[in-house]
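Labels below follow one simple rule: chain letters A, B, ... track the order of the sequence lines, proteins then strands, and each chain is numbered from 1.
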Amino acid sequence: MSHLVLIDGNSIANRAFYALPLLSTSAGLHTNAVLGFTTMLLKVLEEMKPTHVLVAFDAGKVVFRHSEFAEYKGGRSKTPPELSEQFPLIRELLDAFSIRRFELEGYEADDIIGTLTLRADENNWKTTVITGDKDMLQLVSDNVSVALTRKGVSEIEMYTPKEIEEKYGLKPLQIIDLKGLMGDSSDNIPGVPGVGEKTALKLLHEYGSVEAVLDNVDKISGKKLQENLRENVDKAKLSKALATIMRDAPVEVNVEETSYQGYEADPVVDFFKKMEFKSLLPKVKGTATAEGGEVTEAAPFSFEVVEEGQTSQFADKLTSPMAFYVEMDGENYHHAPILGFGLAADGVALYVPWDVAKEWTAFREWLADESREKWVFDGKRDTVGLAWHGLELAGIRFDSYLASYLLNAAESSPQVADIAAHYAEIRVLPDEEVYGKGAKRIVPESDVLSEHVARKAAALWQCVPRIRTEVEASRLDELLKRIEEPLSLVLAAMEKQGVKVNESRLQQMGEELDAQLEKLTEQIYELAGTSFNINSPKQLGEILFDKLDLPVLKKTKTGPSTSADVLEKLAPYHPIIEVILHYRQLGKLRSTYIEGLTKEIHPGTGKVHTLFNQATTATGRLSSTEPNLQNIPIRLEEGRKIREAFIPSEEGWYILAADYSQIELRVLAHISGDENLIDAFQKDMDIHTRTAMDVFGVAQEEVTSLMRRQAKAVNFGIVYGISDYGLSQNLNITRKEAGEFIERYFAVFSGVKKYMEDIVQQAKQDGYVTTLLHRRRYLPDIKSSNFNLRSFAERTAMNTPIQGTAADIIKLAMIRMQEKMREKGLKSRMLLQVHDELIFEVPEDELEIMKQLVPEVMEHALELKVPLKADVNYGRSWYEAK
DNA sequence: TCGCTCACG
DNA sequence: ACGTACGTGAGCGAG
């Protein structure tokens with residue numbers, strides 16, 4: 001019996017593209033959608049054993065079947081270039097498999113498939129449609145099944161009339177009515193506002209079709225629902241029409257002509273090799289590898305170790321450019337010993353052990369020579385690590401670590417092994433596999449170590465041209481060259497410089513805390529009637545919710561929540577609550593900020609030397625670890641005192657701190673172009689007061705502190721990607737009230753509203769969002785059918801350009817500031833960056849100039865439609881610089 | 001190692 | 001109907 005398989009080419013390619021990471025061949029060709037498509041195809045051929053196969057594609061311009069609704073399918077008219085460049089490859093794939101493919105100018109794949117299923121049905125053939133699009137379920141009949149892909153393309157779910165009945169309680173054709181009522185955002189079918197799947201199914205179970213629902217509007221319960229249906233009769237009918245798949249498109253292929261007789265191994269193998277699908281090669285039928293033969297042999301790798309006394313033989317191998325890697329024993333390069341160096345260029349791969357390198361003068365000169373180009377992987381790490389050993393590094397030209405972060409910020413802090421897997425032929429093991437992890441970590445035998453490091457350098461050498469091509473193709477080259485690479489050297493200097501900590505001051509504060517905590521502990525035990533571990537949420541929960549019988553307001557996965565916002569609500573019920581809150585606050589100070597910070601003081605310098613991670617965050621911000629100096633307390637006075645321990649490293653100097661005022665809202669004003677918000681900043685008004693005036697419709701002097709507080713929360717919400725639920729939680733108000741605030745905000749700041757809508761739309765089209773300086777973040781979940789994932793991606797789409805642009809701006813300011821200080825021969829030093837503020841240590845005679853220079857540089861780092869504003873303060877400690 | 005809690009912007 | 005505010009890192013308890 002004939003079995004026809006019809007594949008929705010565009011739908012599967014899209015699914016595969018968003019489900020898989022953006023893989024590419026060593027030549028820089030993107031292949032993730034091709035790979036996903038291939039996996040699906042192999043599985044279908046193997047499991048369904050079709051006699052006939054055809055893959056349908058959309059073709060040509062989108063057809064506006066309904067001119068009255070021009071937005072139709074607007075949401076997917078623009079495909080990201082990384083995907084569209086893969087369609088020709090998918091066509092090649094199908095040709096290699098001798099599979100019929102078809103597209104028809106002006107028609108979509110659905111229409112072709114709809115037409116062919118009908119014809120096959122008439123012949124009484126069995127047909128299976130493979131797609132990711134639920135709309136296709138309308139094609140199901142006794143002879144036609146639809147296989148929907150799940151989890152990208154790796155799994156399929158078969159639908160016959162029985163499954164549709166079980167899942168929806170509908171006949172296949174009623175899927176059209178379902179879409180007509182509920183709409184489909186990914187397909188830009190509007191549906192009826194306020195009607196989701198639940199409501200639509202309820203209505204259809206009762207009345208059967210869109211038309212019958214509309215005819216019986218009067219009988220439908222729910223005033224709002226009735227009203228929505230009445231006001232959207234046309235929309236409902238149009239949506240139904242849009243959701244209906246054509247069954248009579250002029251498809252000139254007969255079903256008999258889609259006959260499939262299996263494939264030839266050779267063209268498939270050639271194609272897989274071109275795509276570098278090494279893991280799929282053994283699956284090709286009729287080749288030696290498929291019968292269990294040897295797969296592919298690892299490429300041979302040769303390298304040389306530079307031994308003591310032989311350095312002169314290697315002097316002429318120190319060329320320019322050269323891939324360069326510093327191997328260290330440990331993650332923290334402020335402490336980690338240097339094990340050796342990897343160097344590579346065309347036909348050269350060297351390992352230089354540390355003991356040899358430090359005595360090799362020509363090598364040290366090569367290191368410090370600005371004109372000798374080094375292709376590095378995390379040049380900041382190399383620079384600081386070498387600086388601790390008194391070695392200078394210059395000539396850094398291309399940093400693959402930063403480049404690969406810009407290409408995909410989702411893969412944070414990559415290793416050489418990660419980029420080598422993407423861009424190089426040479427294999428590099430992850431460090432964890434060479435050293436072991438955790439307590440089992442150990443430096444391997446020298447032959448293993450030297451090969452590992454030499455491989456890293458050799459892989460780096462292969463990666464650079466390919467990564468550079470991708471960086472340029474994505475318009476990220478400016479960001480890399482002008483911002484991230486120069487910044488890495490600014491950060492290197494800051495980390496190496498460190499921040500002086502007054503250890504005895506910390507110790508003294510610790511003793512005071514100990515005394516207070518002891519008293520609080522006693523009080524808590526007394527009030528609880530028993531002793532227990534207050535730091536254990538589990539034990540604390542038992543005391544509060546079982547023993548004292550307090551109400552459970554919020555739950556976590558593991559039990560009732562004891563977080564501060566819950567405890568604050570419980571305070572009126574029992575005096576123990578406020579003592580616990582105080583205990584928590586002081587306990588945090590003691591463990592994280594007194595004990596934690598003290599452990600991080602460098603014994604040699606008496607300073608803390610943080611690590612600024614430049615390739616961690618999804619938005620382009622920095623992060624800080626060991627210790628994290630970006631979360632030192634400030635909001636509560638008791639915690640703020642910790643800042644008294646951060647002091648200048650030179651006698652008589654000052655700490656100077658400058659912070660941007662409302663940088664994120666100013667960035668929002670610029671990118672949204674909202675006239676009202678721009679006006680507020682041009683007049684340099686208090687933005688929360690101004691928001692309160694506009695949202696509540698009152699004069700400036702009528703703004704109460706409550707109104708300002710609420711307006712402030714709304715402003716925060718706007719920056720985070722507003723939701724009524726989030727705002728209601730924050731302000732402790734109902735969702736309805738929160739929704740009203742948002743509505744009023746958007747009425748006044750309509751440009752902001754438009755920005756929010758546009759950016760989400762853009763993210764859906766492109767699959768990513770960008771900052772002003774082209775920094776990119778991919779949002780694979782933006783079209784997810786899972787509400788939570790999609791909503792999260794939508795808020796991220798709103799927030800990332802704002803947070804990321806602010807990050808771009810302060811990075812520019814840091815680079816400019818470092819340049820200015822050098823030009824002017826200033827002795828002042830930049831010490832820290834805390835997202836919107838910069839902290840310096842400054843000699844007394846430079847206070848005047850720095851007070852003026854720092855805000856000036858920050859305010860003009862990038863010209864926006866609104867002025868940027870920075871405030872500056874200084875004092876004898878970080879605490880006093882307020 | 002994971003989840004919770006809490007410090008910052 | 002669904003159930004989260006965006007971005008981080010560290011310490012602790014428990015398995």
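- Per the geometry, CG belonging to A/L611 stands 17 Å off P belonging to C/dT8, to the nearest Å.
- Comparing C/dG3 with B/dA7, their C1' atoms are spaced 26 Å from each other, to the whole Å.
- Within the 4.5 Å cutoff, side-chain heavy atoms of A/I524 are placed close to those of A/I576.
- B/dG9 atom C1' lies 10 Å from atom CD of A/Q833, rounded to whole Å.
- Taking 4.5 Å as the limit, some side-chain heavy atom of A/M494 sits within range of a side-chain heavy atom of A/M814.
- At C/dC6, one or more side-chain N or O atoms of A/R795 fall inside 4.0 Å of OP1 or OP2 (strictly under the cut-off).
- Dashed line: the shortest gap from a side-chain N or O of A/T592 to OP1 or OP2 of C/dA10 is not under 4.0 Å.
- Both geometric conditions, a ring-centre gap below 5.5 Å and a plane tilt below 30°, are not fulfilled together for A/F787 over the base of C/dC2.
- One finds no side-chain N or O of A/S791 lying less than 4.0 angstrom from the OP1 or OP2 phosphate oxygen of C/dG3.
- Contact check on A/R621 versus A/E664 returns a salt bridge, with a Lys/Arg side-chain nitrogen under 4.0 Å from an Asp/Glu carboxylate oxygen.
- Using a 5.5 Å limit on the distance between ring centres and a 30° limit on the angle between planes, the aromatic ring of A/Y725 counts as stacked on the six-membered base ring of C/dT4.
- Atom-to-atom, CG of A/N535 to P of B/dT5 comes out at 12 Å; the value is rounded to the nearest Å.
- One can place CZ of A/F646 at 13 Å from P of B/dC8, the figure rounded to the nearest angstrom.
- In this structure, A/L622 reaches neither bases nor backbone, as no heavy-atom distance under 4.0 Å exists between it and the strands shown.
- A/F741 has its CZ atom 16 Å from the C1' atom of C/dA5, to the nearest Å.
- Distances shown here put a side-chain N or O of A/R635 below 4.0 Å from the OP1 or OP2 atom of B/dG9.
- The nearest heavy atom of DNA chain C to A/N533 and to A/D724 marks one nucleotide each, and the one closer to the 5' end goes with A/D724.
- For A/T800 and C/dC6, the shortest distance from a side-chain N or O to OP1 or OP2 is not below 4.0 Å.
- The aromatic rings of A/H609 and A/H602 stand perpendicular to each other, their planes meeting at an angle above 60°, with 30° marking the opposite boundary.
- Put simply, CZ on A/R584 is 12 Å from P on C/dG13, counting in whole angstrom units.
- Put simply, A/S561 has a side-chain N or O that comes within less than 4.0 Å of OP1 or OP2 on B/dT5.
- Distance alone, capped at 3.5 Å, places no donor-acceptor pair between the A/H688 side chain and the A/V714 backbone.
- Using a 4.0 Å cut-off, some side-chain N or O of A/T562 falls inside it from OP1 or OP2 of B/dT5.
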